[in-house]
Amino acid sequence: MATGTEPPTTEPHPPGGGVRSATRAAITAPHLRTDRWWLAPAVTTAGLLAFIVYSTWRAFANADYYVAPYVSPFYSPCLAENCEPMRAGPNWELFGGWWGLSPAILILIFPLGFRLTCYYYRKAYYRGFWASPPACAVAEPHKTYSGETRFPLILQNTHRYFFYAALLVAGVLTYDTVLAFRDEDYAWGHMGLGTLVFLVNIVLIWAYTFSCHSCRHIVGGQLKHFSKHPVRYRMWRWVGRLNAHHMALAWASLVSVALADFYVYLVASGAFDDPRFF
């Protein structure tokens, strides 16, 4: 046997379940990796925590989310009576004056539910927060594993339904982007820096939504003969190409939606004047 290729020394299994069970390889070392395997889950944890802290602050702030013609994507559509009036904007007063909390709480559950149950984000926070497992070929600390068959992880199966809700939300945000081609007096035919921010954000939102695994399944997952469905086959291949970039689109759209909200906050709070291109 060549030098350096000898198998690691094995010993009787240490007590415990999971990867330490009798049916698994009796390797006492927690892992045999020599690279910085911990870097990816650490960066993931930091990025997701930053978004959680920021979005929580903005959702409960209930202020500085609208300045003509821009409305924060965290507050759109606005479903409560206590929303700021938005001329021709997505004001749907489904909740009356009894609702005293921020209207963002009523709508954020849908895009957040879509992302929380997303296949990529599952991998991200399973590894980053729960160390299940922390990285490939690194033993997880949990003694048992039940998959997504018990509460609360069984709720991950609702992803396909959140996908439909995400389509509706993306449609509303597209409408908001169209309204962004107005000026502060609601006159059409104008474009500011905020308009460009909204355009980039909605493109990334749609790209992330269409790259979803559920979208790929809906388009062509149940077809037995692609040759009999050429249009759906082309759509399936197009979604498949997007799906290959699902991770990058997940992060890019997460950053863009936060930046769009932050831009509205800066303009609405008076900290920044929206530059106009025409």
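We number each residue from 1, following the sequence as shown. Just so it is clear, the model here is predicted, and its values are computed rather than measured.
Expressed to the nearest 0.5 Å, how far CZ of Phe210 lies from CD1 of Ile205 amounts to 12.0 Å. For the atom pair CZ (Arg160) and SG (Cys215), the distance works out to 14.0 Å, reported to the nearest 0.5 Å. Taking CG of Asn82 as the start and CG of Leu101 as the end, the distance is 8.5 Å to the nearest 0.5 Å. Summarising the geometry, atom SG belonging to Cys118 is positioned 11.0 Å from atom NZ belonging to Lys123; distances are rounded to the nearest 0.5 Å. With rounding to the nearest 0.5 Å, the separation of CG in Asn157 from CD1 in Ile154 is 6.0 Å. In this structure, CD1 in Ile202 is found 8.5 Å from OG in Ser256, a value given to the nearest 0.5 Å.
Nearest approach of Ser253 to Asn201, heavy atoms of both residues: O-OD1, 4.3 Å. In plain terms, the two heavy atoms of Asp176 and Phe198 that are nearest each other are O-CD2, 4.3 Å. Across all non-hydrogen atoms, the minimal contact from Gly89 to Leu179 is CA-CD1, 3.9 Å. Considering all non-hydrogen atoms of both residues, Asp64 and Arg58 come closest at O-NH2, 2.9 Å. Between Glu148 and Leu153, the closest heavy-atom pair is CB-O, 3.6 Å. Closest heavy-atom contact between Ala180 and Thr195: O-OG1, 2.8 Å.
At least one side-chain heavy atom of Leu199 sits under 4.5 Å from a side-chain heavy atom of Met191. Side-chain contact between Phe74 and Leu108 is present, with heavy atoms from C-beta onward closer than 4.5 Å. Counting heavy atoms from C-beta outward, Ser211 and Val239 have side chains that stay 4.5 Å or more apart. Between Val219 and Trp238 there is no side-chain heavy-atom pair separated by less than 4.5 Å. Within the 4.5 Å cutoff, the side chain of Leu223 has heavy atoms near those of the Phe226 side chain. Residues Tyr66 and Val267 form no side-chain contact, since every pair of their non-hydrogen atoms from C-beta on lies 4.5 Å or further apart. Glu81 places none of its side-chain heavy atoms less than 4.5 Å from the side chain of Trp99.
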Show your reasoning for whether side chain to side chain contact (heavy atoms under 4.5 Å, CB included) applies to Leu49 and Phe129. CA-CA 10 Å; Leu49 275 176; Phe129 291 94; 3.9 Å; yes

Worked check of side chain to side chain contact (heavy atoms under 4.5 Å, CB included) between Tyr164 and Ile218: CA-CA 11 Å; Tyr164 297 119; Ile218 291 170; 3.5 Å; yes

Give the C-alpha distance, both sets of side-chain angles, the deciding distance and a yes or no for side chain to side chain donor-acceptor pair (under 3.5 Å) between Trp206 and Thr174. CA-CA 9 Å; Trp206 277 115; Thr174 302; 2.7 Å; yes

Could you give me the CA-CA distance, side-chain angles and deciding distance for Leu79 and Glu93, then say whether side chain to side chain contact (heavy atoms under 4.5 Å, CB included) is met? CA-CA 5 Å; Leu79 303 179; Glu93 298 179 2; over 6 Å; no

What verdict does the side chain to side chain contact (heavy atoms under 4.5 Å, CB included) test give for Ser76 and Ile107, after you've listed the backbone C-alpha separation in whole Å, the side-chain angles of each residue and the deciding distance to 0.1 Å? CA-CA 7 Å; Ser76 184; Ile107 192 62; over 6 Å; no

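In the displayed structure, Arg276 atom CZ is contacted under 6.0 Å by more than 12 heavy atoms of other residues, nucleotides or ligands. For OH of Tyr161, the number of neighbouring non-hydrogen atoms (other residues, nucleotides, ligands) closer than 6.0 Å is 12 at most. In Met235, the CE atom is not crowded: 12 or fewer heavy atoms of neighbouring residues, nucleotides or ligands sit closer than 6.0 Å. Residue Asp273 qualifies as open at atom CG: its count of foreign heavy atoms under 6.0 Å is 12 or below. For Tyr54, the OH atom sits in a packed shell: over 12 heavy atoms of surrounding residues, nucleotides or ligands are nearer than 6.0 Å. Atom CZ of Phe262 is surrounded by 12 or fewer heavy atoms from other residues, nucleotides or ligands within 6.0 Å.
The backbone N or O of Thr45 sits nowhere less than 3.5 Å from a side-chain atom of Tyr125 that would complete a donor-acceptor pair. Proximity of a side-chain donor or acceptor of Arg33 to a complementary backbone N or O of Cys136 within less than 3.5 Å is detected. A donor-acceptor distance shorter than 3.5 angstrom exists from the side chain of Arg122 to the backbone of Thr117, with no hydrogens or angles considered. Using a distance-only test at 3.5 Å, with no hydrogens or angles considered, no donor-acceptor pair links the side chain of Asn243 to the main chain of His246. No donor-acceptor pair under 3.5 Å is formed between the side chain of Asp261 and the backbone N or O of Pro73. The closest donor-acceptor contact from the side chain of Tyr70 to the backbone of Ala260 lies at 3.5 Å or more, if one exists at all. For Arg127 (side chain) and Pro41 (main-chain N/O), no donor-acceptor pair under 3.5 Å exists by modelled atom type. Remark: the backbone N or O of Gly194 is paired with a side-chain donor or acceptor of Asp274 at under 3.5 angstrom. At distances below 3.5 Å, at least one donor-acceptor pair connects side-chain atoms of Ser55 with backbone N or O atoms of Ile52. Put simply, the side chain of Arg232 never gets that close to the backbone of His229: no donor and acceptor are under 3.5 Å apart.
The cationic group of Arg115 lies under 6.0 Å from the six-membered ring centre of Tyr208 and within 45° of the ring axis, placing it in a cation-pi geometry.
If you look at Tyr265 and Trp57, their ring centroids are closer than 6.0 Å. Taking the six-membered ring wherever Trp is involved, the centroid distance between the rings of Tyr263 and Phe272 falls below 6.0 Å. A distance below 6.0 Å separates the ring centres of Tyr119 and His213. In this structure, Phe110 has its ring center at least 6.0 angstrom away from the ring center of Phe162. Between Phe114 and His159, the ring center distance clears the sub-6.0 Å criterion. Centroid-to-centroid, the aromatic rings of Phe95 and Trp98 come within less than 6.0 Å.
Leu155 and Ile109 fall into different hydrophobic clusters, where Ile, Leu, Val, Met, Phe, Trp and Tyr are joined by side-chain heavy atoms under 4.5 Å apart, directly or via other members. Connection of Phe163 to Leu168 is not established within any shared hydrophobic cluster, with ILVMFWY side chains joined at heavy-atom distances below 4.5 Å, either directly or through further cluster members. Clustering ILVMFWY residues whenever any of their side-chain heavy atoms sit less than 4.5 angstrom apart, transitively, puts Phe51 in a cluster other than the one holding Val255. Hydrophobic clustering, with ILVMFWY side chains joined whenever heavy atoms are under 4.5 angstrom apart, groups Leu249 together with Leu112. Residue Leu48 is not grouped with residue Leu39 when hydrophobic side chains (ILVMFWY) are merged at heavy-atom distances under 4.5 angstrom, including chains of intermediate members.
As summarised for Cys78 and Cys83, their two SG atoms come within a distance smaller than 2.5 angstrom, satisfying the threshold.
Between Tyr65 and Tyr75, the angle of the ring planes stays under 30°, which puts this pair in the parallel group of the 30/60° scheme.
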